[in-house]
Amino acid sequence: MMPLNLYFTVVAISLLFSFISSADTHENFVQCLHNYPHNKNAPSISKVVYTQTNSSYSSILDFSIQNLRFYNVTSKPLVIVTPLEVSHVQATIICSQRHNMQIRIRSGGHDYEGLSYVSQVPFVVLDLINLREIKVDVENRTAWVQAGATIGELYYSISQKSNTLGFPAGVCPTVGTGGNIGGGGYGFMLRKYGLAADNVIDAEIVDVNGNLLDRKAMGEDLFWAIRGGGGASFGVIVAWKIKLVPVPSKVTVFRIARTLEQNATEIIRKWQLVANKFDQRLIIRVAMTRVNSSQRGKLTIQARFESMFLGSVDQLIRLMQKRFPELGLVKEDCTETSWIGSVLFMGNFTISGPPEVLLNRTQLVGVLNYKAKSDYVRDPIPDVGLE
């Protein structure tokens, strides 16, 4: 058995060599970035490289961390790169390979699981937050959106060009389009228009060799894979070309709650049976939480039903009375608004407020310690399960 003092000496030397190796790795990596033959017209890469000794390092890293579980992790990137040009992305990929650095890619939105900024090996974070240009083509019903733009920024840009076009992506406006589209994001137009990824018609990706490829150059197999399979699994998505979808000038939204005392269990049971059979213009989701009961000092369960219908309130009421009368929806529960108004409503903003709030990249809910998990079921949960 190794003597204790010798053991600690070996450990100390190992840690020292590890530290020196990491320092050499990231210094050589940064030098490689500076030497990369990028375009003469591109901004200097020195403006977008942050090492751990840089005064802005922590603020850049922490900006889109929305889960306190990852604020104090010891595994932090040796370098953060926030590219201004595609050539900066290409340089990061090539230099990472040359100097044995893994890459974690994030879109400037938020990542509740820390997968885009935590690693157990030396790594660099490639944060696309500065690649956020959006070009909306109303005539052809398309848009090019760079991966660092948020869903809120995309929705806002569409609304400024048209009140009868929209895009079926996520609900939370601070989500980055790179992760949302590439990861199979969905929202309140899911049943009519499918996933965000279903409405991608072209893309630009930098592959492992630093090549910038569009749909034709990458081929249909790779184009299929990046739409829902996680774009970062195959390269760095720098932009999506998306198909915009028609929306009526007026849509209808509602948000109503029912507690156990108001027969919530039976309503949820019926919702499970009919929600997937509604007119495709309608989607209703249910969120359950614990609240104070009407009986003082006791707790109960509340089910909150939220919906967006691509049509008028009168059409919605007739549909609900026919297919889901158990909810007891009445006209007074509903609000007619524009599609962008429904985005504000679902994002918990004032429905008639300025859409510019969608440009705020900091989410409304405070940063907390938590673990979230989504799941999907094919069969309805029985009454005993709900109870």
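FYI, side chains are in, hydrogens and waters are out, and symmetry mates aren't considered; it's all heavy atoms of this structure.
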For [X], I'd like to know if atom [atom1] has over 12 heavy atoms of other residues, nucleotides or ligands within 6.0 Å.
X: K192; atom1: NZ; result: no
X: R141; atom1: CZ; result: no
X: N369; atom1: CG; result: yes
X: F223; atom1: CZ; result: yes
X: E356; atom1: CD; result: yes

Close side-chain approach of [X] and [Y], heavy atoms under 4.5 Å:
X: Q262; Y: Q302; answer: no
X: F167; Y: I242; answer: yes
X: M218; Y: I226; answer: yes
X: K277; Y: R323; answer: yes
X: N199; Y: W240; answer: no

Using a 3.5 Å distance criterion without hydrogens, assess whether the side chain of [X] forms a donor-acceptor pair with backbone atoms of [Y].
X: E306; Y: R285; answer: no
X: D137; Y: E139; answer: yes
X: Y156; Y: V357; answer: no
X: D127; Y: V81; answer: no
X: N140; Y: T142; answer: no
X: S293; Y: Q295; answer: yes
X: K161; Y: S157; answer: no
X: D333; Y: L329; answer: no
X: R255; Y: F345; answer: yes
X: W271; Y: F305; answer: no

Do [X] and [Y] meet the criterion of a side-chain donor-acceptor pair at a distance under 3.5 Å?
X: Q102; Y: S96; result: no
X: Y112; Y: Q66; result: no
X: S312; Y: Q315; result: yes
X: T335; Y: T337; result: no
X: T259; Y: E261; result: yes

If I compare all heavy atoms of [X] with all of [Y], which pair ends up nearest, and what's the gap?
X: R361; Y: F63; answer: CB-CZ, 3.9 Å
X: P77; Y: Y117; answer: CD-O, 4.3 Å
X: N360; Y: T174; answer: O-CG2, 3.6 Å
X: L128; Y: P83; answer: CD2-CG, 3.8 Å
X: A264; Y: A303; answer: CB-CB, 4.4 Å
X: S107; Y: G176; answer: CB-CA, 4.1 Å

How long is the gap from [atom1] on [X] to [atom2] on [Y], to the nearest 0.5 Å?
X: S159; Y: L154; atom1: OG; atom2: CG; value: 10.0 Å
X: H99; Y: L78; atom1: NE2; atom2: CG; value: 13.0 Å
X: L33; Y: H26; atom1: CG; atom2: NE2; value: 11.0 Å
X: W339; Y: M189; atom1: CH2; atom2: CE; value: 5.5 Å
X: F234; Y: L213; atom1: CZ; atom2: CG; value: 13.5 Å
X: I94; Y: S87; atom1: CD1; atom2: OG; value: 12.0 Å

Take R104 and V118, measure what side-chain contact (heavy atoms from CB on, under 4.5 Å) needs, and give me the verdict at the end. CA-CA 8 Å; R104 293 292 180 267; V118 174; over 6 Å; no
So that I can tick it off, tell me whether [Y] and [X] are bridged by a salt bridge, with the cut-off set at under 4.0 angstrom between side-chain N and carboxylate O.
X: R191; Y: D279; answer: no
X: D202; Y: R215; answer: no
X: K250; Y: E336; answer: no
X: E326; Y: R269; answer: no

Dump the intermediate steps for side-chain contact (heavy atoms from CB on, under 4.5 Å) on T252 and M308, then the final yes or no. CA-CA 6 Å; T252 305; M308 196 267 278; over 6 Å; no
Is there a side-chain contact (heavy atoms from CB on, under 4.5 Å) between L282 and L316 once you walk through the steps? CA-CA 8 Å; L282 173 64; L316 174 61; 3.8 Å; yes
Check the hydrophobic clustering (I, L, V, M, F, W, Y; side-chain heavy atoms under 4.5 Å; chains of links allowed) and say if [X] and [Y] are grouped together.
X: V313; Y: M346; answer: no
X: L319; Y: L190; answer: no
X: L115; Y: I237; answer: no
X: F70; Y: L61; answer: yes
X: F254; Y: I283; answer: no

Does the pair V238 and I205 meet the rule for a side-chain contact (heavy atoms from CB on, under 4.5 Å), with working shown? CA-CA 6 Å; V238 292; I205 183 173; over 6 Å; no
Walk me through whether S64 and R106 qualify under side chain to side chain donor-acceptor pair (under 3.5 Å). CA-CA 9 Å; S64 58; R106 67 182 188 181; 3.2 Å; yes
Full working for salt bridge (Lys or Arg N to Asp or Glu O under 4.0 Å) between K241 and E204: CA-CA 8 Å; K241 186 177 184 181; E204 291 183 340; over 6 Å; no
